[in-house]
Amino acid sequence: MRARVVAASVVAALVALGAGCGDDDSGDGLGGAGQPPLDGAAAAGREVAGDRGCTSCHTASGDDRSGPTWKGLWGSQVELEDGTTVTADRDYVVRAIREPDAEVVDGYAPIMPDVDLSDAEVDELVAYIEALG
C-alpha cells in the first residue's frame, strides 16, 4: 500500500512539473501564444525544437530554463562565460547548435548535449530562432 501511495505521489509531482514547463496555454513548451506567425522553415524549426527536446531547456517565451531563451536572441549581444561578447547571428547560432561547448553563455552550465541534426534541421532551427527576434 505504501508503495502505491509513493508511486502516486511521484506521478502527481511529475504531472505538476510538466504542466509548469510550457511557455503558453497549450503546455507544449514551444511558445505558441504571443509568438509571431510562423511559416516555411521557421514553422519546421519549431517542430524540430519540439521533436528533438530543445524546448526542455530553451523557451520561445522569454523565460530562461537551464538554457537561455531564444526569444529576442537574434541580433543581440551575448556575453560568454569568458567575458567576451558575440552577436547572435547565423554563424553564432549554428556554432551553438553544432558545437555547444565552443561558446558557453555566461551564467549557464555547459550541459547542452551534442545533437545529431541534419543540415536541413539546423537551417530550420536557425530560421525559427531568427523569427523569434
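These values consider heavy atoms only, across backbone and side chains, with no hydrogens, waters or symmetry-generated copies. Please read these numbers as outputs of a predicted model, since none were measured by experiment. All residue numbers in this chain count up from 1 along the given sequence.
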### Message
Looking at P68, is its backbone amide N or carbonyl O close enough to the side chain of H58 to form a donor-acceptor pair, meaning the two atoms are under 3.5 Å apart?
### Response
yes
Closer than 3.5 angstrom, by distance alone: can the side chain of T59 be matched with the main-chain N or O of T69 as a donor-acceptor pair? no
Smallest separation among heavy atoms of [X] and [Y], with atom names:
{"X": "A88", "Y": "V78", "answer": "CB-CG2, 3.9 Å"}
{"X": "D101", "Y": "V104", "answer": "O-CG2, 3.9 Å"}
{"X": "K71", "Y": "A60", "answer": "CB-O, 3.5 Å"}
{"X": "P100", "Y": "P113", "answer": "CG-O, 3.8 Å"}
{"X": "S66", "Y": "I111", "answer": "CB-CD1, 4.1 Å"}

Taking the side chain as every heavy atom from C-beta outward, state whether V93 and W70 have any pair of such atoms under 4.5 Å apart.
no
Report yes if the side chains of V126 and V94 come closer than 4.5 Å at any heavy-atom pair, otherwise no. yes
Margin query: Check this for me: D82, atom CG, are more than 12 non-hydrogen atoms of other residues, nucleotides or ligands nearer than 6.0 Å?
Written below: yes
State whether R46 and D39 are salt-bridged, where the test is any N-O pair (Lys NZ or Arg NE/NH1/NH2 against Asp/Glu carboxylate O) under 4.0 Å.
no
field: Residues R98, D119: salt bridge by 4.0 Å N-O rule
entry: yes
Short side-chain donor-acceptor distance under 3.5 Å, T87 and D89 | no
Item to complete: Determine, using the 4.5 Å side-chain heavy-atom cutoff (strictly less than), whether L73 and L38 are members of one ILVMFWY cluster.
Response: yes
Co-membership, hydrophobic cluster, residues V122 and Y92, 4.5 Å side-chain = yes
